[in-house]
Amino acid sequence: MSDGEAVDRRIGDAVLLAFARDRLTCEVSTDFFDRREAAAVHRSRSAAQTRDQVVADMFERRLEYIRGVHEESVFSAHPAGVFQIHRRTVPTRQADTVLLCTDGFARAVNDYRLSPDWQSLGRHARRDGLDSVTSLIRRHEARRPAGATGAHFKSADDVAAVLLTTRTGVHHGRS
C-alpha cells in the first residue's frame, strides 16, 4: 500500500463501505452467503426436512466455506481453513469514512429495508451513531411475528460494526 491509498479487505459476509463527503465511493460485499442460505431455507421447507437434517446441511455448508471450496470463505481458526480474501484499493481522497460491518448489521439494507441503500445507511451511522442503527435493527426484529425469518434460518443475527473516520474527514461542526 502506498501513501494516498486505503485498502479494503473482506472475508466472508462482512461488508466494507467507503464514503467521501457523504457519498458512497466503494462497496466490498457479497450476496453469495445470502443466496446459499435462501436456497437452503427453501429446500428445507419444500422437503419438510427435520431439524437434524437442517443442522447437518448447515454444518456441511459451513465446512465448505471453511475449506475454501467456493469463491467465498469464512473467517475460521479451523486447521483446514482457507481464506478467500477480497481486496480493493481506494485512493484516500475517496474515503474519509469507512464502515465495516457484519451481515447482521447489513440486514438493515439487504433484508429489512430500514435504509434504502448503503449511502443512506452510512449517512445514518455517521449522523446518529452505530448504536442508533443497531437499535433500529433490533426493534424491527422484535416487531416481526414469531417464526418470520424470511430467507434465513435465524430470526436475528449478530450485529457488529466499526465506523472509521480519517483526520481529514472529521467534521466538528464548527467553522
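Computed over heavy atoms, backbone and side chain alike; hydrogens, waters and symmetry mates excluded.
Minimum heavy-atom separation, Q53 to T50: OE1-N, 2.7 Å. Between V133 and A108 the shortest heavy-atom distance is CG1-CB, 4.5 Å. Across all non-hydrogen atoms, the minimal contact from A161 to L130 is O-CD1, 3.4 Å.
Between the side chain of D96 and the main chain of R21, a donor-acceptor pair closer than 3.5 Å is present. The backbone N or O of A14 sits nowhere less than 3.5 Å from a side-chain atom of T102 that would complete a donor-acceptor pair. Judged by distance alone, with hydrogens and angles left aside, the side-chain atoms of E27 form no donor-acceptor pair with the main-chain N or O of L17 at under 3.5 Å. Side-chain atoms of R138 never come within 3.5 Å of backbone atoms of T134 as a donor-acceptor pair (strictly under, hydrogens ignored).
Counting heavy atoms from C-beta on, the side chains of V98 and T165 never come closer than 4.5 Å. Considering only heavy atoms from C-beta on, F105 stays 4.5 Å or farther from D158 through its side chain. Between H124 and L114 there is no side-chain heavy-atom pair separated by less than 4.5 Å.
Atom CG of L16 and atom CH2 of W118 lie 10.5 Å apart (nearest 0.5 Å). Going from atom NE2 of H140 over to atom CZ of R113 covers 10.5 Å, rounded to the nearest 0.5 Å. From Y112, atom OH reaches atom CD of E141 across 3.5 Å, with rounding to the nearest 0.5 Å. From L163, atom CG reaches atom CZ of R126 across 7.5 Å, with rounding to the nearest 0.5 Å. Here CG of L164 is found 11.5 Å from CZ of F19. Values are rounded to the nearest 0.5 Å. To the nearest 0.5 angstrom, N110 atom CG is 11.5 Å from D117 atom CG.
Residues that satisfy the side-chain hydrogen bond (donor to acceptor under 3.5 Å, both in side chains) test with S135, not counting sequence neighbours, are absent from this structure. Take S115 and apply the side chain to side chain contact (heavy atoms under 4.5 Å, CB included) test, not counting sequence neighbours, and it matches V109, S120, L121.
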Report the C-alpha distance between R61 and E64 in whole Å, list the side-chain angles of each, state the deciding distance to 0.1 Å, and finish with yes or no for salt bridge (charged side-chain N to carboxylate O under 4.0 Å, His left out). CA-CA 5 Å; R61 281 191 312 281; E64 289 176 357; over 6 Å; no

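Within 6.0 Å of CZ in R51 there are 12 or fewer heavy atoms belonging to other residues, nucleotides or ligands.
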